[in-house]
Amino acid sequence: MHYQTESWGSYMPTRSANVGDPLERIERLASENAVVIFSMSTCCMCHAIKRLFCGMGVNPTVHELDEDPRGKDMERALMRLLGNSSAVPVVFIGGKLVGAMDRVMASHINGSLVPLLKEAGALWL
């Protein structure tokens, strides 16, 4: 896994030097890896979604917004993108927005999550 906190796995630096619109930054980060999770290190739902992907054998890249100097701007952009008050966790697979916890869990339950992961190259079996 690529995480920004030691407790979750390996470190993946976030390029803070990039200047620009937070939504553009989110889109760029989301397209850099097969599975990208925007998270808060203290969020229990974020923890649950990370555990779901780890349990499936997926190696997501996790961006902890509370540890990013521009995380508040990205959080507001994610809230606008989702159209709700809870910005995290937000999952992108293959550079495409899957959504928040409810959409990811619904996809997992209805069987559409695994094909998405395979198509993105995040899961091989």
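Start at 1 with the first residue, then count along the sequence. Everything quoted here is computed from the prediction, not taken from an experiment.
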Any sub-3.5 Å donor-acceptor pair from N33's side-chain atoms to V35's backbone N or O?
no
In terms of ring plane angle, is the pair F92 and F38 parallel, tilted or perpendicular, where the classes change at 30° and 60°?
perpendicular
Quick one, L117 with M56, criterion side-chain contact (heavy atoms from CB on, under 4.5 Å). Give me CA distance, side-chain angles, the key distance, then yes/no.
CA-CA 10 Å; L117 293 168; M56 296 175 76; 3.7 Å; yes
Passes side-chain contact (heavy atoms from CB on, under 4.5 Å), L113 versus I93? Steps please.
CA-CA 9 Å; L113 184 59; I93 299 176; 3.6 Å; yes
Reported [atom1]-to-[atom2] distance for the pair [X] and [Y], which is rounded to 0.5 angstrom:
| X | Y | atom1 | atom2 | value |
| --- | --- | --- | --- | --- |
| E64 | M40 | CD | CE | 9.0 Å |
| R103 | L97 | CZ | CG | 7.5 Å |
| N110 | M105 | CG | CE | 11.0 Å |
| R80 | R76 | CZ | CZ | 8.0 Å |
| S39 | E75 | OG | CD | 10.5 Å |

A side-chain contact here means heavy atoms from C-beta on lying under 4.5 Å apart; do [X] and [Y] qualify?
| X | Y | result |
| --- | --- | --- |
| R25 | D68 | yes |
| E67 | S41 | yes |
| V104 | H108 | no |

Is there a path of hydrophobic side-chain contacts, each under 4.5 Å between heavy atoms of I/L/V/M/F/W/Y residues, joining M101 to V58?
yes
From CA spacing to verdict: salt bridge (Lys or Arg N to Asp or Glu O under 4.0 Å), R28, E32:
CA-CA 7 Å; R28 181 184 53 78; E32 289 178 350; 2.8 Å; yes
In sequence, state the C-alpha distance, the side-chain angles, and the governing distance for L78 and L65, and then conclude on side-chain contact (heavy atoms from CB on, under 4.5 Å).
CA-CA 11 Å; L78 287 167; L65 299 181; 3.7 Å; yes
Test side-chain contact (heavy atoms from CB on, under 4.5 Å) on L29 and M74 and set out the steps.
CA-CA 11 Å; L29 292 171; M74 292 172 63; 3.8 Å; yes
Minimum-distance pair of heavy atoms, taken over all atoms of P89 and I49
CB-CG2, 3.7 Å
